[in-house]
Amino acid sequence: MKNQRLRMGKLKKKLSISILLIAILVGGFYFLVKGNPPLDIGTLASSKDRKSVVVGIGNKGFGEVKIIDVSVNNNEKPSKTKVQVSNALQGFIITDDYDNKESIPYGFQKIEDTSMKAGTSEGTATKNDEIYGLSVIHHEAINRVNIKYSYLGITFDEMVFFQAEVNR
């Protein structure tokens, strides 16, 4: 009976240590990922009135990035939002009509249908290298774009600011 209690005590101790190690590993992984967000902001472009903007985005992580939500200015829902899936040689287009003849080659997709591949922020420039541009249209000038996205099951928020041009 005493031997059995001793073995049970050792098993409980090993189980407790195993659970603690797993918690430390999971917590460490979470803080490592949270401290190194994968979204890379590149090109920032806008129409003259800033009612249409493009935010070039890349994924410097090792898993896919999925955009969850986009808002503008003071957390307002934009009029239209899509992702351009283009290539580095073609670049992006600033437009207020995703379906016109000039826009079609830029591969506009719904946000919910787009997952950004890993390693798309490396800066290579061939026709086969996909680049992503978040295209946002709003009824008033856009000063800020808030991007909420998911990576490895962790949610991130990124804020991008657009400054008004200064006339000289």
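Side chains are part of it too, since the values below use all heavy atoms of this structure and drop only hydrogens, waters and symmetry mates.
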Please give me the minimum heavy-atom distance between [X] and [Y], naming the atom from each residue.
{"X": "Gln84", "Y": "Val54", "value": "NE2-CG2, 3.6 Å"}
{"X": "Tyr132", "Y": "Ser115", "value": "OH-O, 3.8 Å"}
{"X": "Gly61", "Y": "Ala118", "value": "O-CB, 3.4 Å"}
{"X": "Glu76", "Y": "Glu140", "value": "OE1-OE2, 3.5 Å"}
{"X": "Ile94", "Y": "Ala45", "value": "CD1-CB, 3.5 Å"}
{"X": "Ile154", "Y": "Tyr30", "value": "CD1-CD1, 3.6 Å"}

Task: Separation of Phe31 CZ from Asn36 CG (nearest 0.5 Å) - done: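 CZ of Phe31 is found 13.0 Å from CG of Asn36.
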
Task: Rounded distance [0.5 Å steps], CD1 in Ile17 versus CG in Leu21 - done: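 Taking CD1 in Ile17 and CG in Leu21, the distance rounds to 7.5 Å.
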
Is [X] reaching over with its side chain to a backbone N or O of [Y], donor-acceptor style, under 3.5 angstrom?
{"X": "Ser135", "Y": "Val83", "value": "no"}
{"X": "Asn73", "Y": "Pro78", "value": "no"}
{"X": "Lys66", "Y": "Glu112", "value": "yes"}
{"X": "Ser103", "Y": "Asp99", "value": "no"}
{"X": "Asn59", "Y": "Leu39", "value": "no"}
{"X": "Thr120", "Y": "Met116", "value": "no"}

Open item on the list: Under 4.5 Å between side-chain heavy atoms, counting indirect links through other Ile/Leu/Val/Met/Phe/Trp/Tyr residues: same cluster for Ile137 and Val145 or not?
Closed with: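 No; Val145 is not reachable from Ile137 via cluster members.
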
Open item on the list: Is there a path of hydrophobic side-chain contacts, each under 4.5 Å between heavy atoms, that joins Leu152 and Ile57?
Closed with: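 Hydrophobic grouping puts Leu152 with Ile57.
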
Open item on the list: So Tyr106 and Val85, do their side chains get closer than 4.5 Å, heavy atoms only?
Closed with: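 Val85 vs Tyr106: side chains apart.
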
TODO: Please check if atom CZ in Phe161 has more than 12 non-hydrogen atoms from other residues, nucleotides or ligands closer than 6.0 Å.
DONE: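 Yes, because the 6.0 Å sphere around CZ of Phe161 holds more than 12 heavy atoms from other groups.
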
Open item on the list: Tell me whether Lys34 at atom NZ has more than 12 heavy atoms from other residues, nucleotides or ligands lying less than 6.0 Å away.
Closed with: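 Count over threshold, so yes.
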
Task: side chain to side chain donor-acceptor pair (under 3.5 Å) involving Glu64 - partner list, sequence neighbours excluded - done: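 Glu64: no side chain to side chain donor-acceptor pair (under 3.5 Å) contacts found.
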
Task: Electrostatic pair Lys77-Asp69, nearest N-O below 4.0 angstrom - done: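 Looking at Asp69 together with Lys77, the answer is yes, because their closest N to O distance falls below 4.0 Å.
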
- [ ] Sequence neighbours left out, what pairs pass side-chain hydrogen bond (donor to acceptor under 3.5 Å, both in side chains) with at least one residue falling in residues 145-158?
- [x]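 Non-adjacent pairs meeting side-chain hydrogen bond (donor to acceptor under 3.5 Å, both in side chains): Ser71-Asn146, Asn75-Asn146, Arg144-Asn146.
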
TODO: Step by step, work out the side chain to side chain contact (heavy atoms under 4.5 Å, CB included) result for Ile111 and Val70.
DONE: CA-CA 9 Å; Ile111 287 177; Val70 176; 3.7 Å; yes

